[in-house]
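Scroll down for the structure; my scribbles are underneath it.
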Amino acid sequence: MKLTKCIHWVSGALLLLNTVACSGHHEESIELASEADLAGLTLSCSAGNYYEHKYSAREDVKVFACNTETDAVQAVRQGLADVFVSDEVVMSPEAMEQLGLKMALRGEESFDVAFALRKGNVQLLSRLNGFLSSAPLDEIVAHWLRDSPAVAMPDAVLDEETPLRCIVCMNLAPVCYLGEGGQWQGMDPDLLRRFAASLGRTVEIKFQDLGSAIIALETGQADIVSGNLFVTDERKAFVDFSDPYYACHPGYFVLDRDSKTHPGLRSRLIMNFVQEGRWKLLVGGLCETLKITLTAILLGTMLGIGLCAARRSRRQWLRSAAGIYGTVIQGVPTLVLLLIMFYVVFAGAGISASSVAIVTFALVFASSAGSIFDTAVSSVPKGQTEAGLSLGFTPLKTFTGIVLPQAVSKGLPLYSSECVALLKSTSIVGYIAIQDLTRASDLIRSRTFDALVPLLLITLVYFLLAWLIRRLLNLVLVK
Amino acid sequence: MISIKHLSKTFHNPDGSLLTVLKDVNCDISQGEVISIIGPSGTGKSTLLRALNMLEPPTGGEIWVDGENIMSKGYPLDKLRRKMGMVFQNFNLFEHMTVLDNVTYAPMALLHTPEKEAKKEALELLRKVGMAQKADVFPASLSGGQKQRVAIARSLAMHPAVILFDEPTSALDPTMVGEVLSVIRQLAKDGLTMLIVTHEMRFARDVSTRIFFMNEGVIYEDGSPEQIFEHPVHSATKAFVNRIHKLVFELDGDDFDFLEMHTDMSRFCIKYNVADKAELAHAVAEEMLFRHLRIFRPLTLRLTHTELSGETALDFMVEGLSASPLQADASTDSLRARVKDIIEEPTSRGFRIKVLL
């Protein structure tokens, strides 16, 4: 009871802060007639994109570069920036209304948007270009961007075994977004599905940031990357672009002072978890997190026992091998190791990202578990072994009956801390496109632009999982 | 029962050098013998004991137990150790078990004694060593002497044919040595075969049927307690058994930490098992230093204990004196009445008054 009350208080306080922070300092909505009017204003955008580059060069504009578009939007809502600039398509009319934003200016520039393919994948490229030239492109684009009627999907027989592996690196309606039941929807997924259907193949869509997506293309783990990709000469050095499928203008978004959208906690909960079945994303994420954590603990513990045996071995080379293993694993950041495993070691091995994550975390866990076991066994005095032997126990029975129980009670607190640490460190698997709990909340946040509620929820879930792991292991100790 | 032939043990030091602890040990041990192994530190007493149950495998020679060479390959050491109990200097009780479980664990697991029977027997053994009351506590809450008594009960629970005691009182607070020794004495009376590595000379003389004096990696002299302690053949044996323990104080003037001396003397008496003499030693020292010998400085005071005879004495030595400074008066008489004897004798450098406590 106490805990629930406490959580209530904390979440209430945070919501209040959030609301206060959202009220900006301008009374009137900002009006923009041209890009020249941006002088003296703070501009938020996603770091590393075209707009950051463009406006960093302008002395009279302050640029607030954020990690993601979602954060850049939040920056405007919280008064950290005046204008959010991105491609006009990133914000649907519904999204603007929900967030209390409006488009103040549509830029003059226009950019060609196309799909990216692996360099030299000529066959797929020509088929994609063939598809783009024959499909009713204008109608499809108009449907997604301007709410015109949907274009009927042509009938097709999907008789090819291998799916078309696509990566989208944007999660914003109407370009591409996670819709009802965790299905990718929007203009790009629609086009990709139609193209795949024309090949007789199904699509498999994953969500990754552009950097990883390009690596996945290069290593052959994906066929097509999309997500409102501008055709630039710089990018052409790394990928081949299809023919452009539409021209995109920049959009400048500001707070709409006339809008009175301050959703209450109840409607925020509904928006984040109920609408479009978003709770399913979280449940799926939870399962993925649990699967990776528990399997990695299991495998890592077995490997750790082996490592402990190697460290205590009489053979010098085994001891050194175990030592080197520990030094290497502990000297590399887990995230870096995960990326290396995914993009280098297991690239093209046909192993799922989840399995790569499990193997990686098992390797990391084994290293610390091994040294915990070693320390625990060493902490039992040699005299205990001698006493066991002198009573007539075999060396094995002496170890299992006398040394091990004492080692377990000494090592378990450290071991359970390590398990909890592993659980928390699995939150980085989103980097290799696994939808775990953290990634699920990211996806929801980028759809609802609500920074707080999804984060608060997964914080609570992680906390409960950690508590549960400790409790379970404590039961072992009592036994 | 046990026959040891040309046993040797060489350790390989981490720096590559060799250390030969046992050179050539030969002996035969029969059932019912109580053998104390005495000798200076580092002469292989403990190593010999640990070699007997193969905790420290020897590097050469033979050990025959009941007609079998236990050093032959594939000999079942666990079976051997069941009939050869061991009591360690550091007790080595199983810290994660209660006192009772410590005693019942091996019989239940190895002899398959039913739990009820094992508990009953364990309680009897604990009663024998005076620890039945503590059956349900964990070893951590016991004193050293209590732990060692439990360790002895644990060893007895396997009904061993022989028990090896590896310096059973060396890690104990002096006040607790007595309780452990009296338990071992009782076992000797019961006729148990025992090998005891010990530094307690009087205990060794009283309890043993046979003494091994070890020196330089061999059994230097092997004989009855009477032979070893009263009529040793070798001079090294004689020197070792007649060792005198001393505590020396030099008094230059009256600015002397008398209280510290008091404490040191108490500690000395406890260490050599003559705690009952401490009070008398204090009284005599005080009376002599501040009354009879008050004007004689510098002065050397020695508290001595001869372990074998059990004789404890205070020596007061004053340099450059040719006659006894003790006066024949009433206070001297009263002092004389309280101690065993007072010997006044000139030395090469002065005069000595020896007070036998």
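Proteins get letters first, then strands, A, B, ... in listed order; numbering begins at 1 in each.
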Notebook entry, point to check: Residues of residues 405-419 of chain A under 4.5 Å from chain B (heavy atom pairs)?
Noted result: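 Expected list: A:Pro405, A:Gln406.
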Where is the tightest heavy-atom contact between [X] and [Y], given as atom of each residue plus distance?
{"X": "B:Ala106", "Y": "A:Phe393", "answer": "CA-CZ, 3.7 Å"}
{"X": "A:Glu386", "Y": "B:Leu55", "answer": "CB-CD1, 4.1 Å"}
{"X": "A:Ala387", "Y": "B:Phe94", "answer": "CB-CE2, 3.8 Å"}
{"X": "A:Gln384", "Y": "B:Leu93", "answer": "NE2-O, 2.7 Å"}

Checklist line | Atom pair CG (B:Asn92) and CD1 (A:Ile402), whose distance is rounded to the nearest 0.5 Å | finding: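 Reported to 0.5 Å precision, the distance equals 10.5 Å.
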Checklist line | A:Ser390 OG to B:Arg154 CZ distance, which is reported to the nearest 0.5 Å | finding: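 Reported value, rounded in 0.5 Å steps: 6.5 Å.
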Next item on the list: With a 4.5 Å heavy-atom cut-off (strictly below), which parts of residues 75-91 of chain B touch chain A? List them by number.
Entry: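 At a heavy-atom separation under 4.5 Å, chain A is reached by B:Asp78, B:Arg81, B:Arg82, B:Met84, B:Met86, B:Phe88.
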Checklist line | A:Tyr431, OH atom: more than 12 neighbouring heavy atoms under 6.0 Å | finding: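 Open: at most 12 neighbouring heavy atoms sit under 6.0 Å from OH of A:Tyr431.
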Item checked: Heavy atoms of other groups near B:Gln186 CD, more than 12 under 6.0 Å ->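 It does: B:Gln186 CD has more than 12 such atoms within range.
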Next item on the list: Return the option, out of A:Pro395, A:Gly388, A:Gly401, with the maximum number of heavy-atom pairs under 4.5 Å with chain B.
Entry: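 Of the options given, most contacts go to A:Gly401.
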